[in-house]
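Both ligands and their constituent atoms are indexed starting at 1 by order of listing. What you see is a predicted model, and the numbers here were worked out from it, not measured in a lab. Residues take their numbers from the sequence shown, with the count starting at 1.
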Amino acid sequence: MSFFQQEESDEYEDVSTVMVRNSHLDLMDQDILYHLALGSGSHDLRAMFGDVKFVCMGGTPKRMEQFAYKLMEEISYKIPTGTKLQDISRYSYRYSMYKVGPVLCISHGMGMPSVGILLHEIIKLMFHAKVVDPVFFRIGTSGGIGLEGGTVIISDEAVDGFLQPHLELQILGKLVRRSSILDKKLQWELKSLAEPDDPYPTMIGKTVCTSDFYEGQGRMDGAFCDFTEEEKMEYLEKLKANGVRNIEMESLAFAALTHHAGIKAAVVCVTLLDRLKGDQIHYPKEVLDEWQQRPQALVCRYIKKYLSKRGMILNNHCGSINVKSPRRFKLVQQESESYD
Ligand SMILES: O=P(O)(O)O[C@@H]1C[C@H](O)[C@@H](CO)O1
Ligand SMILES: O=c1cc[nH]c(=O)[nH]1
C-alpha cells in the first residue's frame, strides 16, 4: 500500500489560514509587497491568490516559467488561446511569479538573503489572501556528496556549514536562531512518488546550506582559495560521514522561515556533480536542463496526486474545475500575447 493510500485525505484537510507573527501588520492601512510588485491596498489579494494551495520556488525565472507550463499541461489548466502565462511580479524586476490554478511558481534568486526576502513577502501574501494550509516546495540544484550528477535529493534536514540545524540571523545587533525543520511526512510522500522506471535515483538525505558557491562550499576554482586539496577533501568527507547528501544555498532559510510560519515545506534538489570528484560543472547544457526537470517532475506528481484525489484536476476550459471541488481556482488575467 502506498503512503498516499495509507494516509487518507483527512491528513490534508484544510484547517487554518496562514498566520504571520507580527502584530504591527494589523496597524498598517496597507502592506506593500515591494519585491513582488503587489500590495494589499493596490490589489485584491484575496481574489487573486485566495485559492492557492502550493507555492513552488526555484532559483531562476526560466525554470519556474518552465515548471508553470509543465503544470499547466499536467493538470489540464487552460488559458485563452493565443495568450501566455503572465509574470505577475514582472514590474518588480526582482522575482518572477506565475500562477497555474492553485499553484504559484516563483523564482527566488541565489542565496539565503534573496530567498529570505521573498519568503517574508510570500508568507504575508498568503496571510492577506487568507490562503488555507499551503504547502511550499523548493525545487533546486545542488552539488552531490558522493553522488553522481542527476541524483534527486529530498532534504530531511537543512544544516549550516557547521552541521547545525538552524538559521542564524543578526537582528538589532543580536544573534537570533530559528530552527530549520522540514516536514518528515511530506518527505516520505514525495519519496513514494519516485517511480521504479525513473532513470535516476531519488533519495532522502541531509542538505548543507552555505552562503557562498565557491569558498563556502570548499571549491578550489573561485577567485580566491586559502585551503589545500587535503583540507577540502577532509571537510567533504566529514559531511559524507555525517549523512550529508548535497550542498546548496537556500534550504536553511527556506526551512527555518516556513517552519517559523507553521507552513509545511519540502526541499527537492538535483545534484549537478559529485563534489568528491571535482568543483566545476562541466556537463552540456542539454544534460543540465534535463536534470533540472527531475525535482520538478516529482513535485508535479505530488500536486497532481493531491488534486486528483480531491477531484480538483481542471476541466477542459479556462480555469474551471470539477464540481466535486470545494474551492474554485481563479484565472489571473493572462496577457493577450501569442507564444514566442
Ligand atoms: O535553485 P538553484 O538552482 O538556484 O540552487 C542552487 C543554489 C544557488 O542558488 C545556485 C548556485 O548555482 O544553485
Ligand atoms: O555545487 C553546487 C551546484 C549547484 N548549486 C550549489 O549551490 N552548489
May I ask which of Arg63, Gln217, Met64, Met110 has a heavy atom nearer to atom 10 (C) of ligand 1 than the others do? Met110

Which atoms from ligand 1 have a heavy atom of Gly140 less than 4.0 Å away? 1 (O)

The option among Arg219, Glu248, Gln280 carrying the non-hydrogen atom nearest to atom 1 (O) of ligand 2 is Arg219

Identify whether NZ of Lys or CZ of Arg in Arg63 sits under 6.0 Å from the centre of the six-membered ring of Phe67 and within 45° of that ring's axis. no

Under a 4.0 angstrom heavy-atom cut-off, which atoms of ligand 1 come close to Thr141? 1 (O), 2 (P), 3 (O), 5 (O), 6 (C), 13 (O)

Atom indices of ligand 2 within 4.0 angstrom of Gln217 heavy atoms, with elements: 1 (O), 2 (C), 6 (C), 7 (O), 8 (N)

Have a look at Gln292, Met112, Glu250, Met249 and point out the one with the heavy atom closest to atom 9 (O) of ligand 1. Glu250

Where does Met110 meet ligand 2, judged by heavy-atom distances below 4.0 Å: at the side chain, the backbone, both, or neither? neither

Beyond-backbone contact of Glu189 with Leu186, side-chain heavy atoms, under 4.5 angstrom: yes

Determine, considering heavy atoms only, which of Gly143, Gly111, Gly58, Gly59 sits nearest to atom 4 (O) of ligand 1. Gly59

For Leu273, the ligand 2 atoms whose distance to one of its heavy atoms is below 4.0 Å: 1 (O)

Between Thr271 and Asn246: side-chain donor-acceptor atoms closer than 3.5 Å: no

At under 4.0 Å between heavy atoms, what of Ile247 touches ligand 2? The answer is backbone

About how many Å separate CE of Met249 and OG1 of Thr141, when rounded to the nearest 0.5 Å? 10.0 Å

Out of His108, Met57, Arg138, Glu248, indicate the one that has the non-hydrogen atom closest to atom 5 (O) of ligand 1. Arg138

Please check if the number of heavy atoms outside Met110 that lie under 6.0 Å from its CE is greater than 12. no

Polar contact flag, side-chain donor to acceptor under 3.5 angstrom, Arg94-His35: no

